[in-house]
Each structure stands twice: as structure tokens, then as C-alpha cells.
Amino acid sequence: MDILYMREALEEAKKAYSTYEVPVGAVVVHEGKIIGRGYNQRETLKDPTAHAEILAIKEASEYLGAWRLNNCTMYVTLEPCAMCAGAIVNARIERLVIGTRDFKRGCCGTVEDLTNHPKFNHRLEVGFGVLEEECSIIISNFFKELRESKER
């Protein structure tokens, strides 16, 4: 099932790509159903918090009518930053499945680990590498195209 839900997160990332946003997508799953979706919209919404994970958490919270996303799994194409990792911990998400690592800003074990910090009262299961190549390629292609457009 992880591959199926990561494919859905990749579809969200493609939406971001199509609007010239950094292509990151996320979905939140509860009891086998996607209850939250998000893709990066910082530029579109002029909002520094409009990351895929934050938008997916907001939609999932609205669906459940609660801020605690107990028994939920989030699938995200790129390792969350500090803000998003903090939101995931605060939302009490149980499991996080990540497509590819972020070697510059990843806060789920790569640069830092906020998802399993010993001083926090909530820790979650974190897994990496589901559809890693596809998740990595979409990010690489986006930044390659961005660099090429600036060179023109």
C-alpha cells in the first residue's frame, strides 16, 4: 500500500510542478482512505507556511474534526523541513513515509531528527525510500529547468 499512496503524493507534487512551485506532494491516510492532500503553494498563496505537509494536515484535521491525527500515516515525496516535521509531531501522526531525503533541510533524520527527538512527548515511525527514484527525479528536474531558465 505504501507505493499506492506515494504515487498519490507524487500526483500532488506534479500539481506543484505545473504551477512553478517546488514539486513536493503529501497525502494523509486514515483507515485506508486519503483524508488530506497537499502540494507546495508558497509562491501561489504568498504564504511561507504553504508547504505540502501543512496543507495536507489542515485538510485531514478538517476531515476528522480534530487536531490530533491519531492512527494516520503521511506520505510525502521529500523529507520534511523543520516546520513541517514539527507540525507532523504536533499533529500526532503515527507514521511518516518519505520518498527521498533532503540533504540540506531534512529534519526527519537526515540533517536533524525532530520526529524522534528524545525530549518530545510524541515520536513516530519514519520510513524512507518509497518510490525514491521518482521522487528524486521530479525535484532534480524542477531545479535543473529553473537553472536553465535563469541562464537564458
Side-chain angles (χ1 to χ4, degrees), residues 1-63 69 71-91 93-117 123-152:
M1 294 304 284
D2 286 349
I3 290 173
L4 171 76
Y5 294 126
M6 188 60 76
R7 286 200 194 289
E8 292 292 324
L10 270 166
E11 288 303 311
E12 294 299 312
K14 289 174 186 174
K15 291 177 187 176
Y17 199 118
S18 74
T19 61
Y20 307 103
E21 297 274 0
V22 176
V24 177
V27 296
V28 176
V29 177
H30 181 259
E31 297 178 353
K33 179 180 179 180
I34 295 174
I35 62 167
R37 293 177 178 272
Y39 60 93
N40 276 0
Q41 296 184 61
R42 291 187 313 172
E43 300 296 334
T44 303
L45 299 176
K46 309 292 186 245
D47 179 352
T49 68
H51 288 207
E53 301 93 327
I54 301 295
L55 298 173
I57 287 170
K58 286 181 179 184
E59 191 172 286
S61 294
E62 285 177 26
Y63 179 87
L69 300 181
N71 304 310
C72 288
T73 299
M74 176 178 278
Y75 294 83
V76 63
T77 57
L78 181 67
E79 183 177 2
C81 68
M83 175 182 69
C84 294
I88 290 163
V89 169
N90 283 315
I93 289 175
E94 185 175 298
R95 185 169 173 250
L96 177 63
V97 180
I98 300 166
T100 191
R101 291 181 183 271
D102 184 338
F103 292 100
K104 292 182 180 176
R105 292 174 214 79
C107 286
C108 299
T110 301
V111 175
E112 189 59 65
D113 191 358
L114 299 180
T115 55
N116 283 288
H117 195 283
R123 290 171 200 76
L124 54 139
E125 177 187 337
V126 178
F128 286 91
V130 175
L131 298 180
E132 182 173 13
E133 186 174 354
E134 292 94 326
C135 293
S136 180
I137 286 171
I138 194 170
I139 291 282
S140 297
N141 287 347
F142 175 81
F143 285 108
K144 180 182 176 191
E145 286 180 22
L146 190 64
R147 283 189 304 276
E148 287 172 358
S149 71
K150 287 181 179 179
E151 290 172 2
R152 291 182 198 149

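Quantities reported herein were computed from a predicted structural model and do not represent experimental measurements. Start at 1 with the first residue, then count along the sequence.
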**OP:** Just grab all the salt bridge (charged side-chain N to carboxylate O under 4.0 Å, His left out) pairs involving residues 97-108, residues at least two apart or on different chains.
**Re:** Asp102-Arg105

Subject >> More than 12 heavy atoms of other groups within 6.0 Å of Tyr63 OH >> reply: no

Original post:
Side chains of Ile139 and Val24: does their closest heavy-atom pair fall under 4.5 Å?
Top reply: yes

**OP:** Mind checking the SG-CD1 spacing from Cys84 to Ile57? Nearest 0.5 Å is all I need.
**Re:** 7.0 Å

**OP:** Can you measure from CE (Met83) to OG1 (Thr49) and round to the nearest 0.5 angstrom?
**Re:** 6.0 Å

Original post:
Is the number of heavy atoms from other residues, nucleotides or ligands under 6.0 Å of Lys15 NZ greater than 12?
Top reply: yes

**OP:** Give me the one residue out of Val28, Ile34, Val97 that meets side-chain contact (heavy atoms from CB on, under 4.5 Å) with Tyr5.
**Re:** Ile34

**OP:** Determine the minimum heavy-atom distance between Glu79 and Gly109, stating which atoms define it.
**Re:** OE2-N, 3.3 Å

Original post:
How many angstroms lie between atom SG of Cys135 and atom CZ of Arg7, to the nearest 0.5 angstrom?
Top reply: 9.5 Å

Subject >> Shortest non-hydrogen contact from Met6 toward Tyr75 >> reply: N-CD2, 4.1 Å

Subject >> Nearest atoms (heavy-atom pairs only) where Ala85 meets Thr115 >> reply: CB-CG2, 4.4 Å

Original post:
Which residue pairs pass the salt bridge (charged side-chain N to carboxylate O under 4.0 Å, His left out) test when at least one of the two sits in residues 125-139, sequence neighbours left out?
Top reply: Arg95-Glu125

**OP:** Going by the side-chain contact (heavy atoms from CB on, under 4.5 Å) test, name the single residue among Thr100, Leu96, Ile98 that passes it with Phe128.
**Re:** Ile98

**OP:** With sequence neighbours left out, write down each residue that passes side-chain contact (heavy atoms from CB on, under 4.5 Å) with Glu112, or none if nothing qualifies.
**Re:** Cys107, Leu114

Original post:
How long is the gap from CD on Glu62 to CD1 on Ile35, to the nearest 0.5 Å?
Top reply: 11.0 Å

**OP:** Could you note down all residue pairs passing ring pair (Phe, Tyr, Trp, His ring centres under 6.0 Å) where residues 30-52 supplies at least one of them, sequence neighbours left out?
**Re:** none

Subject >> side-chain contact (heavy atoms from CB on, under 4.5 Å) against Leu55, all qualifying residues, sequence neighbours excluded >> reply: Gln41, Ala50

Original post:
Is there any salt bridge (charged side-chain N to carboxylate O under 4.0 Å, His left out) pair reaching into residues 22-42, and which pairs are they, with sequence neighbours excluded?
Top reply: Glu8-Arg37, Glu12-Arg37

**OP:** Could you tell me the separation between the CG atom of Leu124 and the OG1 atom of Thr73, rounded to the nearest 0.5 Å?
**Re:** 9.5 Å

Subject >> Check: Val22 and Phe143 side chains under 4.5 Å, non-hydrogen atoms >> reply: yes

Subject >> Minimum side-chain heavy-atom gap Leu10-Leu131 below 4.5 Å >> reply: yes

Subject >> Backbone N/O of Ile88 and side chain of Glu53: donor-acceptor pair under 3.5 Å >> reply: no

Original post:
NZ of Lys144 to CD1 of Ile137: how many Å apart, nearest 0.5 Å?
Top reply: 11.0 Å

Original post:
Looking only at heavy atoms, what is the nearest atom pair of Cys108 and Asp113, with distance?
Top reply: C-OD1, 3.6 Å

Original post:
Asn40 versus Pro23: any side-chain heavy-atom pair under 4.5 Å?
Top reply: no

